[in-house]
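Structure first, then comments.
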Amino acid sequence: MQYAPVEVNGTRYRWPRRPVVVVCIDGGDPAYLQQFLKDGSIPNIARFMKQGFSAVADGTVPSFTCPNNMSIITGTPASRHGISGNYYLDVKTGQAVVMTGPDLLRGDTILAQFAKAGAKVVSITAKDKLRKQLGKNLDVSRGNVSFSSEFASKCTMQENGIEKVLELVGMTQPGMYSMELSWFVLEAGIKLLEKNRPDLLYLSLTDYVQHKYAPEESEAKRFYQYLDRSFGRLTDLGAVVALTADHGMNDKSNAAGKPNVIWLQDILDAKFGKGDTRVICPITDAFVAHHGALGGFVRVWCTGKATPRQVIDAVKGLEGVESVLDKETACRVHDLPADREADVVVISTANVCIGASEKDHDLSGLEGHRLRTHGGVSEAKVPFILSVPLNDEYKLKAGAATLKSYQIFEYALNGALH
Ligand SMILES: [Zn+2]
């Protein structure tokens with residue numbers, strides 16, 4: 001059935017003629033694809049890149065999971081959707097607020113608006129922290145589905161639009177830190193495509209593997225080979241497949257294998273005194289074992305006498321700092337929502353990360369692994385791949401400007417030749 005285009009947050013999206021599957025390969029740095037294309041272990045992705053469309057796009061900065069998933073699902077930058085990190089500081093209460101609530105997400109999601117127009121949609125995410133925002137205003141009573149593989153065993157018709165997920169997928173409940181958590185998302189998407197033939201699917205994986213393994217390591221290859229087979233099965237079922245990532249990943253350890261960390265709160269406390277500034281690491285969530293809450297982007301709120309100018313002067317000369325910006329500049333340069341931005345934003349270089357106070361970060365979960373993490377500009381380049389070629393209009397459009405990863409639904413729906 002063919003319906004009228006659907007407008008979401010100012011962009012018109014064409015009704016899909018066949019199922020469209022957008023996959024967010026969490027932490028899917030372009031370096032992984034380069035490595036596996038070289039050795040021929042991802043033939044389906046190689047075919048998409050050759051016969052369909054392939055580019056490297058700009059993701060949202062900070063290059064974290066929540067902001068980028070929200071950019072992709074709303075088709076807008078963070079300045080519009082408001083989710084600029086996993087955490088921000090509520091200056092009225094002094095509390096760090098987790099930004100995973102649907103009430104904090106501004107605007108509509110592409111999935112919810114298509115569902116409202118009569119499409120059948122599916123949203124599956126690895127970690128449950130994303131599920132509620134991805135499923136914002138999505139009516140799951142009419143055949144639409146929204147769940148996480150983390151809570152696959154607990155799905156109910158009322159909350160998720162689906163039940164008995166483990167039986168459907170034919171896998172056991174995967175562990176929180178496992179590559180199976182992502183595989184489960186893909187396998188569930190394939191099973192639902194076979195069974196219900198939904199119009200639009202959004203499948204969002206987890207970056208457990210990329211945090212732990214460099215592209216050269218065999219476990220990373222094993223993971224990508226599975227992804228590649230799954231993408232092949234999706235196209236075999238007649239779907240258009242669109243691949244992107246929320247962010248890349250960089251090794252941020254030194255020659256001895258220890259993390260290269262700027263302990264910014266300790267530095268600022270030594271300079272201005274305790275309580276004068278508050279460093280928030282917006283990578284923080286409930287599951288920090290694989291990165292110790294260390295990323296390439298932190299926010300500093302001036303809560304005492306120190307002015308933003310003084311903080312900037314204190315930080316700008318530090319080794320490993322790529323940029324230090326006041327609020328206004330950070331919002332302009334990185335398209336961020338001003339009402340949730342700090343007084344100062346600090347971004348590190350590719351091989352360095354930034355923490356708050358050394359005593360507050362638990363690095364025991366790294367278990368002898370090198371620290372690989374993300375958050376800065378150097379992890380904001382992501383793949384942008386379609387399994388089918390672009391039409392002439394979108395070929396022109398793609399050639400005229402750097403692609404943004406939040407345009408992936410637009411390209412898959414309006415630009416894909418099918
Ligand atoms: Zn991520």
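Atoms within each ligand, like the ligands themselves, are counted from 1 in listed order.
- Just one residue in the list Ile25, Val241, Asp228 forms a side chain to side chain contact (heavy atoms under 4.5 Å, CB included) with Ile45, and that residue is Asp228.
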List the atom pairs, donor and acceptor, that lie under 3.5 Å between side-chain atoms in residues 112-124 and the rest of the protein, sequence neighbours left out.
from	atom 1	to	atom 2	distance (Å)
Gln113	OE1	Lys116	NZ	3.4
Lys120	NZ	Asn196	O	3.2

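- Here Asp26 contributes OD1 and Thr65 contributes OG1, and at the Zn ion (ligand 1) these two atoms make an angle of 140°, given to 10°.
- Checking His247 against the Zn ion (ligand 1), an N/O/S atom falls under the 2.8 Å cut-off.
- Asp246 has its closest N, O or S atom to the Zn ion (ligand 1) at the position named OD2.
- With sequence neighbours left out, Ser230 forms a side-chain hydrogen bond (donor to acceptor under 3.5 Å, both in side chains) with no residue at all.
- Between the side chains of Asp26 and His247, at least one donor N or O sits under 3.5 Å from an acceptor N or O.
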